[in-house]
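See structure below.
Values below: every heavy atom of this structure, side chains too, minus hydrogens, waters and symmetry copies. Every chain is numbered from 1 and lettered A, B, ... according to where its sequence line falls, protein lines coming before strand lines.
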Number of protein chains: 2
Amino acid sequence: MSSSPAPDAPITGEQIFTRVAWALRRADLNLQTAKERPLREIGIPGSHYSVLISLQVTPGVTAAELARVIGVTPQAVALLVAKLTASGMIERRTHPRHRSVQELHLTDAGREELAKAEYIVSDLERHIRDSLGDKSYRQLRELLGQVIDELPNWVPPQTDRGTVDPAADQ
Amino acid sequence: MSSSPAPDAPITGEQIFTRVAWALRRADLNLQTAKERPLREIGIPGSHYSVLISLQVTPGVTAAELARVIGVTPQAVALLVAKLTASGMIERRTHPRHRSVQELHLTDAGREELAKAEYIVSDLERHIRDSLGDKSYRQLRELLGQVIDELPNWVPPQTDRGTVDPAADQ
DNA sequence: TGAGATACATCAAGTGCTTGATGAAGACCA
DNA sequence: TGGTCTTCATCAAGCACTTGATGTATCTCA
């Protein structure tokens, strides 16, 4: 709230706030920042949690797969893996068939660390479910699933290329 | 539904994927990456778009407020503002009452640039609405709004720290 | 009126992640 | 069987953003 005399918000009817994309971004942003602080207090950055929970869900996943799941580049994952391996949270095992591929697994210490984080994250999830009620909670989950499934089908509109874009193509 | 395992049993993939927090993160992640590429093709990074659209919605906003809206630190905003000012997309005006405060406004060039980006982003939004149908689309928007409103009321659980739990946070 | 509180802006230093490029190994197929 | 394609991993360089700290201006209240 700024220091304008009239309490009425001067946000003249913009249709931006009615967008699902905007609401989705705001919701996820608030969600991430909400859980980031308590996680850091127990010494687990959000990125580390993402790795640990992914390994719990999908043991033996490769770094490249992991990168796609948590939405960062393989290089970023390599750095995370190096740290978590150094601190004994996870371990790398050579793939039985593909010798150049490294499978990632949680160690017992990693599972223990993850449990502490889960105590916080599951509490947040419970808060959301309690706030919305069981019916709306399931509805929201269903609708988000539909969005996730449909998003890859979107084809960006062509922005009169050929005039602006010389020949750059990948 | 499965019969409940032991309370402290390791969480399974099915349980994780049913979380709203997980779905929310996946949906936003896919959404951001989906629109990031076409935006970059017309020379507008996602972070720049966030600034421009925010200034469209709330003209005269300060850098500090902007930082809270788009979820980054004031320092990061300062860098963005410097770039967008240098390229003539936005301009800084001294606040009439607070001389140390800089209000941010779109320039005509900025509005033009934003229009190009909006062509893409609004198309994505339309795709989502068409995919879900009008009723589900409005439902999703409503539910996300509830989540955004309720999230600040969450109090992280105390993880055996010495401090005493404050009764309520305002 | 003047001390403390609050909010904005900005400087400096460090970190995490990105784009870009390279090498190695299994998969596909004539 | 050897060429081509795909995927994984990793090196190197650069940039975007963060944490931490400082200075300034306005507001609050004794």
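- An OP1 or OP2 oxygen of dT10(C) is reached within less than 4.0 angstrom by a side-chain nitrogen or oxygen of Arg92(B).
- For Ala78(A), there are no side chain to side chain contact (heavy atoms under 4.5 Å, CB included) partners two or more places apart in sequence or in a different chain.
- When all heavy atoms of Leu144(A) and Ala27(B) are compared, the pair lying nearest together is CD2-CB, 4.2 Å.
- For the salt bridge (charged side-chain N to carboxylate O under 4.0 Å, His left out) condition, the pairs that include at least one residue of residues 135-151 of chain B, sequence neighbours left out, are Asp134(B)-Arg138(B).
- Partners of Arg126(B) according to the salt bridge (charged side-chain N to carboxylate O under 4.0 Å, His left out) rule, which considers only residues two or more places apart in sequence or in another chain, are Asp123(B).
- Scored by the salt bridge (charged side-chain N to carboxylate O under 4.0 Å, His left out) test, Asp130(A) finds no partners at all (sequence neighbours excluded).
- Of all heavy-atom pairs between Tyr49(B) and Leu114(B), the closest is CE1-CD1, 3.8 Å.
- Taking the screw axis at each terminus of the helix from dT1(C)-dA30(D) to dA30(C)-dT1(D) from five consecutive base pairs, the angle between the two is 30° to within rounding of 10 degrees.
- In terms of position on DNA chain C, the residue among Ser100(A) and Ser47(A) whose nearest nucleotide sits closer to the 5' end is Ser47(A).
- Thr73(A) comes within contact range of at least one nucleobase, with a heavy-atom separation under 4.0 Å.
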Hey, can you pull the donor-acceptor pairs under 3.5 Å for the side chains in residues 64-73 of chain A, sequence neighbours left out?
| unit_1 | atom_1 | unit_2 | atom_2 | d |
| --- | --- | --- | --- | --- |
| Glu65(A) | OE1 | Thr62(A) | N | 3.4 |
| Glu65(A) | OE1 | Thr62(A) | OG1 | 3.3 |
| Thr73(A) | OG1 | Ala76(A) | N | 3.4 |

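- Proximity of residues 78-89 of chain B to DNA chain C (heavy atom under 4.0 angstrom from any strand atom) is not detected for any residue.
- Once rounded to the nearest 0.5 Å, the distance linking CD of Glu113(A) with CD1 of Ile42(A) reads 6.5 Å.
- Nearest approach of Ala34(B) to Trp154(A), heavy atoms of both residues: O-CZ3, 3.4 Å.
- Within the 4.5 Å cutoff, no side-chain heavy atoms of Leu143(B) are placed close to those of Val147(B).
- Applying the side chain to side chain donor-acceptor pair (under 3.5 Å) test to residues at least two apart or on different chains, the pairs with a partner in residues 80-92 of chain A are Glu91(A)-Arg93(A).
- Residues passing the ring pair (Phe, Tyr, Trp, His ring centres under 6.0 Å) test with His105(B): none are found, sequence neighbours excluded.
- In this structure the side chain of Leu31(A) reaches within 4.5 angstrom of the side chain of Leu124(A), judged on heavy atoms.
- Nucleotides of DNA chain D lying under 4.0 Å from heavy atoms of chain B occupy a range whose first and last members, 5' to 3', are dA16(D) to dC27(D).
- Toward the 5′ end of DNA chain C lies the nearest nucleotide of Val77(A), the other residue of the pair Arg99(A) and Val77(A) mapping further downstream.
- Between Ser122(A) and Arg19(B) the shortest heavy-atom distance is CB-NH2, 3.8 Å.
- Contacts between residues 60-72 of chain A and DNA chain D, defined by a heavy-atom separation below 4.0 Å, involve Thr62(A), Ala63(A), Ala64(A), Arg68(A), listed by number.
- When heavy atoms are screened at a 4.0 angstrom cut-off, Gln102(A) is found touching the sugar-phosphate backbone but no base atom.
- Nearest heavy-atom pair across Thr107(B) and Ile90(B) is CG2-C, 3.7 Å.
- One atom, NE2 of His98(A), and another, C1' of dC28(C), lie 14 Å apart when rounded to the nearest Å.
- The closest side-chain heavy-atom distance from Ser50(B) to Arg25(A) is below 4.5 Å.
- The stretch residues 22-36 of chain B has no heavy atom under 4.0 Å from DNA chain D, so no residue of it qualifies as close.
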